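Chain naming here is simple, since letters A, B, ... match the order of the sequence lines and numbering starts at 1 in each. Since the structure is predicted, the reported quantities are computational estimates derived from the model, not experimental observations.
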Number of protein chains: 2
Amino acid sequence: MSFQTLDQFLREHGIKASYQRVRIFDFMRQTRTHPSVAQIYNELHPQIPSLSLATVYNTLNLFVEKGLITELKVEGDEARYDYPYEPHAHFVCHKCGTIYDVPMGTPQACMDMDGFIVKETQIVFKGICPSCRDKK
Amino acid sequence: MSFQTLDQFLREHGIKASYQRVRIFDFMRQTRTHPSVAQIYNELHPQIPSLSLATVYNTLNLFVEKGLITELKVEGDEARYDYPYEPHAHFVCHKCGTIYDVPMGTPQACMDMDGFIVKETQIVFKGICPSCRDKK
DNA sequence: ATTCTTGCAAATCATTTGCACTTTA
DNA sequence: TAAAGTGCAAATGATTTGCAAGAAT
């Protein structure tokens, strides 16, 4: 997807395609580490010196609202953001804090809830990852 | 479970049974509304005038650490706390913010993750609840 | 008596907001 | 050019912390 079509993609979702928004969205697409606002800012600020933290917050909130990305609040105080390639769950390591993707379809209960309109499903496993388990 | 045995229960989990801790734990047991720290404090403070907010924070963090309750960060900025009677998922309404319990066993994938030690599983559905859907 | 807990107030830190300026369509 | 987005700095609000006083064993 080129910048040209990223523009289009955002507009199709009712989002004005400012330079900052395109860059932040492109960063989310290319990053699978569930970055925090601070991480996104730290990566992009050197390349876009005028970029402000507030804009990163505004933009991510907008993307979440429009359903383009998902907000995860599973590790520490900072929200982490997830670009949903395909349905997947998350595993959070209690020791190192890493958030892993876990391939998985949407669970059955999703369909069984009479009267509830389910728009989003989040599944989070917490525990110890193989790397931390072995380190001892 | 009487106060007597609540004492015991806490001690069995390596927690000194102070008056505040017993009262807060008892409150969690009796409450199914996934209360926030502020709600717990507001309920108990009239009955325990000396109670401080910091103690509520300390105590809940301790209970989470010992695995007696679960912290949910799904609605707004405030953490919500869950007393896990039996395995269940949650449904969060985007409009009214209510957190509903959804009866449900532990999903299969839990068993399928080689090398990951899963200590906790959280499933959260988000959407519109029947009450908000009908209100229009 | 020593160790752990509490309560208060101040500190911290992520996130939001108000407003003047700039950009986009 | 009108409407919306950006950047900065200040404000907000949840949570944590330092420390002196109190309770438990």
Quiz item: Who else is in A:I128's hydrophobic cluster (ILVMFWY, side-chain heavy atoms under 4.5 Å, direct or via others)?
Solution: B:I117
Self-check item: Where chain B begins and ends its contact with DNA chain C, read 5' to 3' at 4.0 Å from heavy atoms
Solution: C:dC4 to C:dC8
Practice problem: Please round to the nearest 0.5 Å and tell me the distance separating atom NZ of B:K95 and atom CZ of B:R133. | Solution: 11.0 Å
Exercise. Starting at the 5' end of DNA chain C, write a dot or bracket for each base, bracketing those in Watson-Crick or G-U wobble pairs whose two distances are under 3.5 Å and using | for partners on another strand.
Key: |||||||||||||||||||||||||
Exercise. Tell me what A:S36 touches on the nucleic acid: a base, only sugar-phosphate, or nothing, going by heavy atoms under 4.0 Å.
Key: nothing
Exercise. Check DNA chain C against residues 62-70 of chain B and give the residues with a non-hydrogen atom under 4.0 Å, in numerical order.
Key: none
Atom pairs and distances, donor-acceptor, side-chain atoms in residues 55-70 of chain B, under 3.5 Å, two or more places apart:
{"residue": "B:T55", "atom": "OG1", "partner": "B:S52", "partner atom": "OG", "Å": "3.4"}
{"residue": "B:N58", "atom": "ND2", "partner": "B:A54", "partner atom": "O", "Å": "3.3"}
{"residue": "B:T59", "atom": "OG1", "partner": "B:T55", "partner atom": "O", "Å": "2.7"}
{"residue": "B:N61", "atom": "ND2", "partner": "B:Y57", "partner atom": "O", "Å": "3.4"}

Self-check item: Phosphate contact (D:dT15 OP1 or OP2) by B:Y57 side-chain N/O below 4.0 Å
Solution: yes
Practice problem: Tell me, please, which residues at least two apart from B:F27 pass ring pair (Phe, Tyr, Trp, His ring centres under 6.0 Å). | Solution: none
Self-check item: Interatomic distance where CG belongs to A:L51 and C1' belongs to D:dC8 [whole Å]
Solution: 12 Å
Self-check item: Interatomic distance, A:L60 CG vs D:dT6 C1' [rounded to whole Å]
Solution: 15 Å
Self-check item: Below 4.0 Å: OP1/OP2 of D:dC8 and any side-chain N or O of A:S52
Solution: no
Quiz item: Who are the ring pair (Phe, Tyr, Trp, His ring centres under 6.0 Å) partners of B:H94, not counting sequence neighbours?
Solution: none
Self-check item: Output field: ring centroids B:F91/B:F125 closer than 6.0 Å
Solution: no
Quiz item: How are the rings of A:F25 and A:F9 set to each other: parallel, tilted or perpendicular (split at 30° and 60°)?
Solution: parallel
Quiz item: Charged N to carboxylate O under 4.0 angstrom, A:R23 versus A:D26?
Solution: no
Quiz item: When the distance from OH of A:Y41 to P of D:dT6 is rounded to whole Å, what number comes out?
Solution: 14 Å
Exercise. Give one of base, sugar-phosphate or nothing for B:A79, where a contact means two heavy atoms less than 4.0 Å apart.
Key: sugar-phosphate
Exercise. Could you tell me which residues satisfy ring pair (Phe, Tyr, Trp, His ring centres under 6.0 Å) with A:Y81, sequence neighbours excluded, listed by chain and number?
Key: none
Quiz item: Between A:N58 and A:D77, which has a closest nucleotide on DNA chain D that is more 5'?
Solution: A:N58
Exercise. Not counting sequence neighbours, which residues clear ring pair (Phe, Tyr, Trp, His ring centres under 6.0 Å) with B:H34? List them please.
Key: B:H90
Quiz item: For the pair made of CD in B:Q39 and P in D:dT15, what is the distance, rounded to whole Å?
Solution: 11 Å
Exercise. Pick base, sugar-phosphate or nothing for B:L53, based on heavy-atom distances below 4.0 Å to the nucleic acid.
Key: nothing
Practice problem: Would you check, one step at a time, whether the test side chain to side chain donor-acceptor pair (under 3.5 Å) holds for A:R80 with A:Q39? | Solution: CA-CA 9 Å; A:R80 308 279 295 261; A:Q39 287 165 348; 4.5 Å; no
Quiz prompt | Between SG on residue B:C129 and CG on residue B:D134, distance to nearest 0.5 Å | solution = 8.5 Å
Quiz item: Hey, what else clusters with A:V124 if you join Ile, Leu, Val, Met, Phe, Trp, Tyr whenever side-chain heavy atoms sit under 4.5 Å?
Solution: A:L72, A:V74, A:V92, A:I99
Practice problem: Give the rounded distance in Å between these two atoms: CG of A:L44 and C1' of D:dG7. | Solution: 16 Å
Quiz item: When you match A:Q20 and B:E71 each to their closest nucleotide on DNA chain D, which lands nearer the 5' end?
Solution: A:Q20
Quiz item: Could you write nucleotides 18-25 of chain D as a row of B, S and -, 5' to 3', where a protein heavy atom under 4.0 Å of any base atom gives B, of only sugar-phosphate atoms gives S, and otherwise -?
Solution: --------
Quiz prompt | Qualifying residues under side chain to side chain contact (heavy atoms under 4.5 Å, CB included), relative to A:E86, sequence neighbours excluded | solution = none
